Amino acid sequence: MATTRLIPMHKIKNQSVAYTVKERIDYAVNPDKTLGTELVTAYGCDPATAANEMLLTKRAYADYTGREIPGNDVLLYQIRQSFKPGEITPELAQKIGYELAMTWTKGKHQFVVATHIDHAHIHTHIIYNSTCMDGKHKYRNFFGSSFALRRASDKLCLENNLSIVENPKTGKTHYGKWLGDKKAPSFQDKLRLAIDAALAEKPKDYQAFLKLMEDAGYEYKAGKQPGFKGPGQKKFTRLRSLKEGYSEEDILAVIAGKKQLSPERKKAKKIQTQGINLLVDIQAKLAEGKGAGYARWAQRFNLKQMAQTLNFLTEHKLLDYGTLCKKTDEVTARFHELSGQIKAAEERMTELTALRKHIINYAKTREVYVAYRKAGYSKKFLAEHEGDILLHKAAKKAFDEMGIKKLPTVKSIQAEYAGLLAEKKTLYPEYSAIRQEMKDLQMAKANVARLLGYEEKTQKSEKSKETEQLSNNSR
């Protein structure tokens, strides 16, 4: 059973279009909610760079039409698809979400599909660009779109042996509450999970444990009653308030190996370190009309990002700019190499799936087609067996297009498919890790370049070359 909701997304108040698009997508692909982004897929873009790629599509639309994005325009649309607790696996929810996105957008819009597993009910966020990939058209919501979306979702649920909502309720009730979800976790619940995740990393001492907690966004207060304050909290949460198993003595005992985490606590996800973001061009934003308040925020933001950038460079021993550039190029090249291998495997797997289907159809309809030929291609025979004859012709046409003279066995196709699937599964962990490494390196390189003025020097050098080239051409 799944409920659906279509949500138009406008520009966030007092924020830019770029910030809005990135913020919306970052929320959807949150590693803490998507099993370290394993439950994230995309179409027409890469999940790591989806925001930038969607913005480029919008820029192409503005160039083609000559119209800039109005302040009240819909930038993105979000589809929320929420499933009944205990009825579906995250992998199947992700698959259905992708199929729903492709059905709804007809392959004309970039989209990101992210399945969240942080609540009792598994739910999927589908974020798609309001601008078509051709850069010439935009999606416009229509009367009855919610009904059409629910019908498309119900069709997919039935195809996958899931129940559907026979008499859907209408109104603005939150989809999680409508499905009977548990209440949102409290600050204490979140702190327990953070402590579990930090201890699961097996820190060597209490200071290493505190560093992991700091990376997770928690501020520590020592004293007789030690405590932590997490993001969004106004007051510290004392360890003693977390009940049994979370006192300072318990934490020290786990670190020393005198006490073990319970099986439930061992399942805590690894703490995700806060990533690096690009520095804000304050002067450019002020020129756009941003006020003094924005400047103060941006200065604090930039200081924080440079501190994170420096920590990253120090940790990875990349304090020399030349070494940083070389490392960035190497990692980027490896990412594209892995991406190419995975895409090639996926394309071949798609070919094999189609080939297997045609071979089976060809074998099933061969006798009918032989009889049709012996009947002198009779119109009466064709009318009686049109379905089988069309399938047979489609299979023969596919074989001709693929250049296949001798048909392989279904068993050999399945063996090749299994080998490609195993190869893809082997490559994907490295691909996923190097994709994040590439993103961090590119962000760090861009921040260093801006701070040291390399970005400006590069732009001046490129302009100088263009001027020289134009001068030479005019002679």
Side-chain angles (χ1 to χ4, degrees), residues 38-47 89 91-92 94-103 105-108 110-111 113 133-134 155-156 158-161 333-432 434-435:
E38 287 186 17
L39 298 173
V40 177
T41 52
Y43 171 77
C45 57
D46 187 281
T89 63
E91 291 76 16
L92 181 56
Q94 178 71 10
K95 174 179 175 290
I96 291 174
Y98 188 94
E99 291 176 357
L100 177 61
M102 188 60 75
T103 301
T105 65
K106 297 179 175 62
K108 296 180 180 180
Q110 298 155 309
F111 61 74
V113 182
M133 288 193 291
D134 62 7
K155 181 176 180 292
L156 289 169
L158 290 172
E159 288 175 355
N160 287 276
N161 298 317
R334 179 57 179 162
F335 168 78
H336 288 304
E337 181 185 348
L338 289 170
S339 179
Q341 291 178 23
I342 290 172
K343 286 179 181 177
E346 289 175 342
E347 288 173 3
R348 180 57 181 162
M349 288 165 70
T350 302
E351 290 176 2
L352 290 172
T353 301
L355 179 58
R356 180 180 179 275
K357 180 186 72 173
H358 287 306
I359 288 175
I360 292 172
N361 289 340
Y362 183 84
K364 282 182 178 178
T365 59
R366 186 175 182 180
E367 291 183 3
V368 175
Y369 194 80
V370 169
Y372 173 54
R373 193 170 55 202
K374 288 181 178 179
Y377 302 104
S378 164
K379 291 184 178 179
K380 181 181 178 182
F381 191 94
L382 173 62
E384 293 173 352
H385 303 87
E386 186 175 10
D388 288 341
I389 292 169
L390 288 176
L391 281 176
H392 194 83
K393 286 183 175 180
K396 289 179 68 176
K397 182 181 178 183
F399 300 150
D400 292 339
E401 290 175 351
M402 294 178 187
I404 297 174
K405 295 181 180 179
K406 184 179 179 181
L407 293 182
T409 63
V410 172
K411 187 176 181 180
S412 67
I413 290 174
Q414 290 174 334
E416 185 180 353
Y417 187 95
L420 289 167
L421 182 61
E423 179 189 351
K424 182 183 171 184
K425 287 183 177 179
T426 302
L427 292 173
Y428 201 81
E430 184 186 357
Y431 168 82
S432 181
I434 208 166
R435 179 177 61 188

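Computed from a predicted structure; not experimentally measured.
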Which atom pairs, donor and acceptor, lie under 3.5 Å between side-chain atoms of residues 397-410 and protein residues at least two apart or in another chain?
residue: Thr409; atom: OG1; partner: Ser412; partner atom: N; Å: 3.1
residue: Thr409; atom: OG1; partner: Ser412; partner atom: OG; Å: 3.2

N/O donor to acceptor pairs below 3.5 angstrom from side-chain atoms of residues 340-348, sequence neighbours left out:
residue: Gln341; atom: NE2; partner: Glu337; partner atom: OE2; Å: 3.4
residue: Glu346; atom: OE2; partner: Lys424; partner atom: NZ; Å: 2.9
residue: Arg348; atom: NE; partner: Glu416; partner atom: OE2; Å: 2.9
residue: Arg348; atom: NH1; partner: Glu351; partner atom: OE1; Å: 3.1
residue: Arg348; atom: NH2; partner: Glu416; partner atom: OE1; Å: 3.3
residue: Arg348; atom: NH2; partner: Glu416; partner atom: OE2; Å: 3.4

Extract all donor-acceptor atom pairs below 3.5 Å that involve side chains of residues 355-377 and protein atoms in other chains or at least two apart in sequence.
residue: Asn361; atom: ND2; partner: Lys357; partner atom: O; Å: 3.4
residue: Thr365; atom: OG1; partner: Asn361; partner atom: O; Å: 2.7
residue: Thr365; atom: OG1; partner: His392; partner atom: ND1; Å: 2.9

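For the side chain to side chain donor-acceptor pair (under 3.5 Å) test, residues two or more places apart in sequence or in another chain that qualify with Gln94 are Thr41, Thr115. Listed by chain and residue number, Leu35 satisfy the side-chain contact (heavy atoms from CB on, under 4.5 Å) test with Glu38 (two or more places apart in sequence, or in another chain). For Leu421, the side-chain contact (heavy atoms from CB on, under 4.5 Å) test picks out Met349, Lys425, with sequence neighbours left out.
Taking both residues in full, the closest heavy atoms of Ala42 and Tyr98 are given as O-CE1, 3.9 Å, listed atom of the first, atom of the second, then distance. In terms of heavy-atom proximity, Met133 sits nearest to Tyr43 at CE-CE2, 3.5 Å. Shortest non-hydrogen contact noted between Val113 and Gly97 is CG1-C, 4.0 Å. Pro47 and Val40 make their closest contact through CB-CG1, 3.8 Å (heavy atoms, listed as atom of the first residue, atom of the second, distance).
Distance check, rounded to the nearest 0.5 Å: CD of Glu423 to OH of Tyr428 gives 15.0 Å. A distance of 10.5 Å separates OG1 of Thr350 from CG of Leu420, quoted to the nearest 0.5 Å.
Here Lys95 pairs with Glu99 in a salt bridge; the nearest charged N to carboxylate O distance falls below 4.0 Å.
The aromatic rings of His385 and Phe381 lie parallel to each other, their planes meeting at an angle below 30°, with 60° marking the opposite boundary.
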